[in-house]
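Below, each value reflects all heavy atoms present in this structure, side chains not excepted, and no hydrogens, waters or symmetry copies. Position 1 is the first residue of the sequence; numbering continues from there.
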Amino acid sequence: EESFVCLYIGIMSDKTCTSRTGKYVTKGVRQRRQMIVDVLHPGRANVRRLSCVEKLHKMYKCEDIYQVSIFGFRTVFGGGKSSGFGRIDDSVNSLNKFERKYRIIRGGLAEGKSGSRKRRRERRNRAKKFRGAQKSKAAYAEKKK
């Protein structure tokens, strides 16, 4: 006999779009659930990321909206359907423990680096020329023209 695997586990829809999740896997060590998310949105070019997160939050009855993270969404040529990857962590603490830093920043749980990359590099290179107390002064000194 052949074994049958249900592809779509959860389905939730409203007026604008329908969310379906498939290939649902529970990762015990990482303390999270992960799945493929298909969003059907006929007549619309795309769907807001926040609305997809809210739907998954309601569908899986999470405590906090920050526990849900989605990424890697691609819209099918012609529109009407998008597919991506979704993760639901057991708690915000486990999310901070296991998730990559850039995804935590993207999710809004942490602050990213401020200032431009070029400015940070210039400051670091100015400080390389000095040692000790002068090093910190040189790093934050303004450029003289």
| message | Taking atom CZ as the centre, does R48 end up with more than 12 heavy-atom neighbours from other residues, nucleotides or ligands that are less than 6.0 angstrom away? | response | no

| query | Do other residues, nucleotides or ligands put more than 12 heavy atoms under 6.0 Å from Y66 OH? | reply | no

Starting at [atom1] of [X], measure out to [atom2] of [Y] and round the result to the nearest 0.5 Å.
| X | Y | atom1 | atom2 | value |
| --- | --- | --- | --- | --- |
| R117 | E122 | CZ | CD | 12.0 Å |
| H41 | N46 | NE2 | CG | 5.0 Å |
| R106 | R49 | CZ | CZ | 7.0 Å |
| S91 | Q31 | OG | CD | 6.0 Å |

Within a strict 4.5 Å, meaning less than it, do heavy atoms of the [X] and [Y] side chains meet?
| X | Y | answer |
| --- | --- | --- |
| N96 | L109 | yes |
| R32 | E99 | yes |
| C52 | K55 | no |
| K81 | T75 | no |
| R87 | S69 | yes |
| L95 | N93 | no |

May I ask whether [X] and [Y] are part of the same hydrophobic cluster, defined by side-chain heavy atoms of I, L, V, M, F, W, Y residues being less than 4.5 angstrom apart, directly or through others?
| X | Y | result |
| --- | --- | --- |
| V47 | V37 | yes |
| I104 | V92 | yes |
| M59 | F73 | yes |
| L56 | I65 | yes |
| Y24 | V53 | yes |

| remark: For residues 81-123, the ring-ring contact (aromatic ring centres under 6.0 Å, His included) pairs (sequence neighbours left out) are F71-F85

| task | Could you tell me whether the side chain of Q67 and the main chain of D90 form a donor-acceptor pair under 3.5 Å? | result | yes

| query | Taking all atoms of both residues into account, what is the closest heavy-atom pair of D89 and S94, and its distance? | reply | CB-OG, 3.8 Å

| said: Please enumerate all residues that pass side chain to side chain contact (heavy atoms under 4.5 Å, CB included) together with I88, with sequence neighbours excluded. | reply: R33, M35, Y60, C62, V68

